[in-house]
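A quick write-up on the structure given underneath.
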Protein chains: 2
Amino acid sequence: MSERRKLTLKDIAKDLGISVSTASRALKAHPDIAQETIQMVKDYAAKHNYVPNIIAVNFRKSRTKNIGLIVPELVHHFFSTVISGSIDEAKKSGYNILVSQSNDFLADEIVACKTMMASSVDGLLISISNETYDGDHILEFIDEGKPVIQFDKILEKLPVPKVIVDDFEGGYSATKHLIDQGCKRIAHIAGRKDVLNACERMKGYKKALNDHQIPFKEEYIRYCESISEEEGEQFMEEFLALPNPPDAVFCITDLVALGVIKALKNKGISIPDQIAIVGFSNWKLAEIVSPSLTSIDQHGYQMGVVAVRMLIQKLEDKNFEIPDTLELKTRLVIRDSSVKVKA
Amino acid sequence: MSERRKLTLKDIAKDLGISVSTASRALKAHPDIAQETIQMVKDYAAKHNYVPNIIAVNFRKSRTKNIGLIVPELVHHFFSTVISGSIDEAKKSGYNILVSQSNDFLADEIVACKTMMASSVDGLLISISNETYDGDHILEFIDEGKPVIQFDKILEKLPVPKVIVDDFEGGYSATKHLIDQGCKRIAHIAGRKDVLNACERMKGYKKALNDHQIPFKEEYIRYCESISEEEGEQFMEEFLALPNPPDAVFCITDLVALGVIKALKNKGISIPDQIAIVGFSNWKLAEIVSPSLTSIDQHGYQMGVVAVRMLIQKLEDKNFEIPDTLELKTRLVIRDSSVKVKA
DNA sequence: CTGTTAGCGCGTTCAC
DNA sequence: GTGAACGCGCTAACAG
């Protein structure tokens with residue numbers, strides 16, 4: 001049962017009275033090798049349960065078959081979905097995913113990059129932290145000849161391929177959906193102005209208003225700093241204090257929407273009849289909360305799959321050119337929080 | 001900036017006119033080497049940004065500094081918390097975590113194990129699937145001299161160290177808390193009878209009842225198959241149909257508790273005044289749902305930290321004996337769903 | 001068709 | 001105090 005030392009090519013070569021290289025080639029069914037030799041070696045290998053020493057193989061080929069994956073937060077529905085997709089896809093090609101998190105701190109992100117670099121991943125997938133405005137630590141990978149792909153939270157100026165969700169379209173369709181429900185005074189609780197995704201959603205929101213002749217009003221806009229439930233609650237209260245409160249709110253994230261819902265419940269305002277709500281990200285909580293929350297799904301799993309697939313393609317074929325930007329479409333998931341008119 | 005080929009020991013030996021072995025030893029400040037030589041080499045290395053080729057080092061030492069981590073589900077609050085802890089702790093010692101998921105299928109778990117084995121992780125952390133009743137695929141690691149630690153969902157008969165949460169104590173304290181609130185007819189929506197964690201919680205529940213002279217009644221017990229929200233909802237309805245419905249429910253999991261809450265809301269029954277609820281796991285949703293849910297925290301992060309720490313200790317010191325079972329205490333997190341009497 | 005040779009980059013005897 | 005030499009397990013170029 002427990003073999004002290006694993007069987008090596010050398011062992012099987014010796015036992016079979018052939019050379020190591022013949023054994024090696026036979027196992028790969030190299031065309032030069034005689035059919036019978038191939039059979040013999042393969043049989044022997046199977047019988048003795050030969051497993052090539054991957055560490056040696058990787059050393060020889062100077063690669064690791066490991067892909068680094070850095071996310072801001074691991075314990076986060078969206079990112080764990082992305083990771084899940086990455087892992088499943090990577091597995092198919094025999095790659096492993098090495099996960100690390102930045103906690104949304106630049107310092108941690110840099111450390112994570114260094115660690116990844118040191119442990120010699122073959123390539124990197126990264127979603128940057130909120131503090132990352134400069135990507136030197138990311139470019140180092142490129143310098144070392146290791147391909148990198150950014151996803152979701154990206155640094156636009158970085159000359160590195162990106163897989164993102166079409167936040168603009170998401171913001172647009174969320175807003176349009178509210179308009180379709182007959183809402184006229186649609187507020188938006190936005191993210192930080194310097195975060196790309198947040199800006200795109202805002203742009204989509206504005207465009208939708210514009211396309212439907214609804215004037216954009218600054219009083220219906222709030223900017224989150226930490227994207228928290230508390231902010232949602234507070235901003236909603238501010239909206240309610242307006243002389244002419246909104247009849248709908250599009251929130252940058254489901255968590256913020258949750259705060260909004262809380263505030264409304266506290267005031268006894270009915271959702272969606274008096275005020276309709278749409279979130280973003282389609283977290284687990286969107287279906288759990290009551291009323292269930294209409295949200296924009298970002299296809300996290302798919303994003304993980306796509307990013308990994310492109311990275312591996314590049315890894316296996318140096319000439320493959322990763323498209324500069326790949327935009328995944330969002331999907332509007334309609335639930336109770338926004339549907340004003342039934343039937 | 002971009003060095004075509006990385007600097008190797010050989011390069012620096014040649015440039016400095018010394019031998020490779022001297023260079024190697026100097027970098028490690030080997031006592032045999034002259035101080036000045038050490039300085040010279042270190043300076044040179046620092047100046048030229050020498051980074052040892054980890055793949056070669058690992059090959060030489062026949063290890064990877066990678067630790068496999070297999071969980072049933074990646075997109076799951078508890079497990080992502082564990083992963084988060086593992087990664088953070090592993091990083092401290094220069095180890096990487098290689099994550100994989102079984103989707104609660106035995107077949108997938110076996111494949112994941114094979115993959116881990118093939119990619120030569122140095123050791124394995126595993127939380128088994130619901131279908132795993134036999135651990136041959138896990139024992140293979142031991143046979144190969146790779147230490148394994150089970151965590152959370154474990155196979156008890158497997159002679160492999162375990163890090164678990166004290167489910168018995170958790171079940172006990174959840175139940176006792178309800179008793180303390182004055183509840184007399186406490187129901188329990190349990191998990192499958194063949195899942196260890198579920199049984200322990202049940203045992204704790206029974207013990208608490210017994211310690212407080214409350215008779216155990218089979219009519220107040222239901223067993224989940226899939227541990228879903230729907231089951232919680234359905235079972236709660238069944239409870240309500242009883243001639244003498246319970247005044248409290250202890251649920252195997254927060255998700256089930258969510259279903260219970262839904263059922264109660266539908267019937268217009270007030271929580272916690274008419275029926276108090278306690279969940280288990282302390283997911284994010286426990287604080288989000290309304291009323292907020294009292295739950296049992298399992299210290300997932302800590303579990304990841306502890307498991308990794310012990311594995312690494314074993315890895316670095318073959319003589320280290322991992323304790324057979326390490327039980328983490330749970331923590332009762334009291335929220336609105338269970339507190340009957342305020343002040 | 002097969003064997004010989006030559007490394008990959010590093011660590012580790014064993015001599016000097 | 002230092003260097004030469006060997007080998008980890010595997011692949012690949014070159015001979016025959």
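Lettering follows sequence order; numbering is per chain, from 1. The analysis underlying the following values was restricted to heavy atoms, covering all of them including side chains, and did not include hydrogens, waters or symmetry mates.
Atom CZ in Arg63(A) sits about 17 Å away from atom C1' in dG9(C), given to the nearest Å. Put simply, CG on Asn58(B) is 14 Å from C1' on dC8(C), counting in whole angstrom units. Residue Leu27(A) contributes atom CG, which lies 9 Å from atom P of dC10(D) at whole-angstrom precision. Between the NZ atom of Lys6(A) and the P atom of dC8(D) there is a distance of 16 Å, rounded to whole Å. Distance CD (Glu36(A)) to C1' (dT2(C)): 13 Å, rounded to an integer number of Å. Between Ile38(A) atom CD1 and dC1(C) atom P the separation is 9 Å, expressed in whole Å. Between the CG atom of Leu7(A) and the P atom of dC8(D) there is a distance of 14 Å, rounded to whole Å. Residue Ile55(A) contributes atom CD1, which lies 17 Å from atom P of dG9(C) at whole-angstrom precision.
Qualifying salt bridge (Lys or Arg N to Asp or Glu O under 4.0 Å) partners for Asp194(B), counting only residues two or more places apart in sequence or in other chains: Arg192(B). Applying the side-chain contact (heavy atoms from CB on, under 4.5 Å) criterion to Phe59(A), with sequence neighbours excluded, gives Ile55(B), Ala56(B), Phe59(B). Listed by chain and residue number, nothing satisfies the salt bridge (Lys or Arg N to Asp or Glu O under 4.0 Å) test with Arg60(A) (two or more places apart in sequence, or in another chain). Annotation: side chain to side chain donor-acceptor pair (under 3.5 Å) contacts of Ser80(B) (sequence neighbours excluded): none. Shown here are the side-chain contact (heavy atoms from CB on, under 4.5 Å) partners of Ala29(B), two or more places apart in sequence or in another chain: Ile38(B), Lys42(B). Annotation: side-chain contact (heavy atoms from CB on, under 4.5 Å) contacts of Thr37(B) (sequence neighbours excluded): Thr22(B), Ile33(B), Ala34(B), Met40(B), Val41(B). Partners of Ser102(A) under the side chain to side chain donor-acceptor pair (under 3.5 Å) rule, at least two apart in sequence or in another chain, do not exist in this structure.
Note on the helix from dC1(C)-dG16(D) to dC16(C)-dG1(D): angle between the axes of the first and last five pairs equals 50°, rounded to 10 degrees.
Of all the residues in residues 39-46 of chain A, not one reaches under 4.0 Å from DNA chain C with any non-hydrogen atom.
For Ala56(B) and Gly17(B), each mapped to the nucleotide of DNA chain D holding its nearest heavy atom, the one lying further toward the 5' end belongs to Gly17(B).
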Reading 5' to 3' through nucleotides 11-16 of chain C, protein heavy-atom contacts under 4.0 Å coded B for base, S for sugar-phosphate only, - for none: BBB---
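Aromatic ring orientation, Phe78(A) versus His76(A): perpendicular (interplanar angle above 60°, classes split at 30° and 60°).
We find that the ring of Phe59(B) and the base of dC10(C) do not stack by the test of centres under 5.5 angstrom and planes tilted less than 30°.
Residue contacts for Ile18(B): at a heavy-atom cut-off of 4.0 Å it reaches the sugar-phosphate backbone alone, with no base atom in range.
Using a 4.0 Å cut-off, no side-chain N or O of Lys10(B) falls inside it from OP1 or OP2 of dG7(C).
For residues 75-101 of chain B, every residue pair satisfying the salt bridge (Lys or Arg N to Asp or Glu O under 4.0 Å) rule, not counting sequence neighbours, is listed here: Glu89(B)-Lys92(B), Glu89(B)-Arg309(B). Within the structure, the salt bridge (Lys or Arg N to Asp or Glu O under 4.0 Å) test picks out the following pairs touching residues 114-142 of chain A (sequence neighbours left out): Lys114(A)-Glu140(A).
Counting only heavy atoms from C-beta outward, the side chains of Val75(B) and Tyr301(A) never approach each other to under 4.5 Å.
Shown here is Tyr44(A), whose OH atom has more than 12 heavy atoms of other residues, nucleotides or ligands within 6.0 Å.
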